[in-house]
2 protein chains.
Amino acid sequence: MFLEIRHLRSLLAIDEATNLARAAEQVHLTQSALSHQIKALEAYYGAPLFLRNTKPLRLTLAGQKLLELARRVLPEIAGVEKELLRLAKGETGRLHIAIECHACFEWLMPVLDAFRRRWPEVEVDIRVGVSFDPIPALQKGDIDLVISSDPLELNDVVFEPLFEYEARLVTARAHPLAEKSYIEPGDLAGEILITYPVQRQRLDVFTRFLQPAGVEPLAVRQSELTAVILLLVASQRGVAVLPDWVLNETIQKGGLATRPLTAQGMKGLLYAALRRPEHDVLYLREFIELARDRDLPEI
Amino acid sequence: MFLEIRHLRSLLAIDEATNLARAAEQVHLTQSALSHQIKALEAYYGAPLFLRNTKPLRLTLAGQKLLELARRVLPEIAGVEKELLRLAKGETGRLHIAIECHACFEWLMPVLDAFRRRWPEVEVDIRVGVSFDPIPALQKGDIDLVISSDPLELNDVVFEPLFEYEARLVTARAHPLAEKSYIEPGDLAGEILITYPVQRQRLDVFTRFLQPAGVEPLAVRQSELTAVILLLVASQRGVAVLPDWVLNETIQKGGLATRPLTAQGMKGLLYAALRRPEHDVLYLREFIELARDRDLPEI
DNA sequence: TAATTATCATGAGATTCATTCATTATGTTT
DNA sequence: AAACATAATGAATGAATCTCATGATAATTA
């Protein structure tokens, strides 16, 4: 209930210096202070730590035990302290990202690759937001960044805009809807719609396009993987609605066509949500920059 | 240069209690003190340790690092502190014994066996005093107890009397000197004397018996082991002078005889030398008791 | 939404505690 | 034995740390 790290440091210094005065210098104290310190320790433990009748001050068994402790413990402490200072300077840290949209993998992976090269010491992880609400998790410190398309007004969380996207219908090039210059909700009434396996409230097609118009597609099929969805669409098993960043890359290859939803196109804005106090953490800022300037594949 | 063990204890308590007030109780402080403490730590590292906008106080990454440190380090410290308190109470310790006389092995071994059963935690060792001066080594803390037959007046060392012994001449039972009721120095002038392999100044036969009378034996042979010396004597290769504790046991068996040196017998007193401050250490006192009451083999 | 409760933060004053300065005591060396 | 080096001591200072009282904030309940 009394031993402190400073005592261990003193002990180590005394052992190295074999002389109170020099040891005192090393720990930025006076010889007197050290003498008082070890006297207090000895009183506390009820046992001498040094043999007093010899001049090159020698440790007793008890003193040796404490010294061993110091040798084991002090380097460990020093290591953690160094790490904490780096943490404070923002040179290292944790970046656990929650994404609400499956499709975000498509652009997030390359961005994270670039990020990792730049900040190798930051511990990176992605959690797909299925079973938990990401914003409360962010507030509670379980995760550090949320990719979201609907910003909220919160006083402990900031939403940084990343980039605009457009959700477009994807069909086979031979599909009749590929003839139209833009798609209206009614166009999907007779179509099989292929989506990611999440609730409808979390899919723009339903919340912003079909449900407002009271339209229900012929059927809904689900698939986890973007590549699989595109494959199904190409082979005329259905149509899908996907953000443009997924499409730019792949439409050329497969026999696919994309068309805007509504005449104006269904646009959205993607945000990165952060805890407000970490708003200025260097590596987080850089992640946001990387996400904004992510390698845009040509159309 | 600032983190102290008390901080680690507080951190651990807070994490366990999830609540400053209860944690404060655990470390015998007020809630306020804890709050100030972590505030100071955060100021020192320039990084928050807890997320402040949540009520069940949660650790940040930095806080977690410190907590991990606490979990690793505190038990180690607790262990050493417990050991130190036992050391102070004299329940454990070190008993490194230096002996000046070879023959002492004979009674010391059984005594140490008994001692070890009684004080299993005390670290026992024996060093035969050949290359170093045992009393200075005792003063310097290299060893903890010296078996010696010539006590000194020192203010940091006490000499505890153990027991009296008598140095006697050992011969084969058929040897002419076995006829005499006691031995005079001149009797050895024509004899081969077998001794332990140490300097003459450290052998009573020379310092107290032969040299004062100016007598030199016919020859001197040496052997490390008491058993070998007795064997040589039994087979008439020479005579030896040994303390009685060695002899009592063995004379019956071999064809040996023992005779006193001089009419009065050459008696001596064996001492245990200790550092004065350790004079009252329990296990040292008990060692001395055991040495005094060592199992006396019948004559 | 307001009221209540639980919890943490803050500031000022009190206290403890570590440190320093000056000096004495002790051991070591010549 | 003297001179030197080193450690121990005591009193005074000052900084660090605590407590008390209170304010602020989040969580819970009505």
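Protein chains get the first letters and strands the later ones, always in sequence-line order, with residue 1 at the start of each.
Listed pair A:K39 / D:dA8 fails the phosphate criterion, with no side-chain N or O lying under 4.0 Å from OP1 or OP2. Considering only side-chain N and O atoms, B:R52 lies nowhere under 4.0 angstrom from the phosphate OP1 or OP2 of D:dT25. For A:N19, no side-chain nitrogen or oxygen approaches OP1 or OP2 of D:dA5 to under 4.0 Å. Side-chain nitrogen and oxygen atoms of A:R6 include at least one within less than 4.0 Å of the OP1 or OP2 phosphate oxygen of C:dA18.
Taking atom CG of residue B:L51 and atom P of nucleotide C:dC8, one finds them 13 Å apart after rounding to whole Å. Following rounding to the nearest Å, A:D156 (CG) and D:dA27 (P) show an atom-to-atom distance of 9 Å. Atom CZ in B:R58 sits roughly 22 Å away from atom P in D:dT25 (whole-Å rounding). Rounded to whole angstrom, the span from the CZ atom of A:R22 across to the P atom of D:dA5 amounts to 12 Å. Rounded to a whole Å, the NE2 atom of A:H36 is 7 Å from the C1' atom of D:dG10. Across the protein-nucleic acid pair, A:L49 atom CG and D:dA7 atom C1' stand 15 Å apart, rounded to whole Å. Rounded to an integer number of Å, the gap from CG of A:L20 to C1' of D:dT9 is 13 Å. Atom CG in A:L57 sits roughly 16 Å away from atom P in C:dT26 (whole-Å rounding).
Within 4.0 Å (heavy atoms only), A:L34 reaches no atom of the nucleic acid at all. Residue contacts shown for A:Q31 include a base, since a base heavy atom lies under 4.0 Å away. If you check every strand for non-hydrogen atoms under 4.0 Å, B:A21 touches sugar and phosphate atoms only. Contact annotation for B:L29: backbone-only contact, meaning every heavy-atom pair under 4.0 Å involves sugar-phosphate atoms and none involves a base.
Aromatic ring orientation, A:F115 versus A:W119: parallel (interplanar angle below 30°, classes split at 30° and 60°).
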_Using the rule given for side chain to side chain donor-acceptor pair (under 3.5 Å), can you reason through A:E91 versus A:Y283, listing the C-alpha separation, both sets of side-chain angles and the distance that settles it, and then say yes or no?_
CA-CA 7 Å; A:E91 291 171 8; A:Y283 66 85; over 6 Å; no
*Assess whether side chain to side chain donor-acceptor pair (under 3.5 Å) is satisfied between B:Y165 and B:D204, documenting all intermediate values.*
CA-CA 12 Å; B:Y165 67 91; B:D204 282 355; 3.0 Å; yes
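The CG atom of B:L154 lies 13.0 Å from the CZ atom of B:R275; values are rounded to the nearest 0.5 Å. Rounding to the nearest 0.5 angstrom, the gap separating the CG atom in B:L284 from the CD atom in B:E160 is 10.0 Å.
Distance from the side chain of B:I38 is smallest to C:dA9 among D:dA11, D:dA7, C:dA9. Taking only side-chain atoms of A:Q37, from C-beta outward, the nucleotide of D:dA7, C:dT19, C:dT10 with the closest atom is C:dT19.
Along DNA chain C, the nucleotide nearest B:K140 and the nucleotide nearest A:T30 are compared for position; the residue whose nucleotide lies closer to the 5' end is A:T30.
A donor-acceptor contact under 3.5 Å links the side chain of B:S32 to the base of D:dC20.
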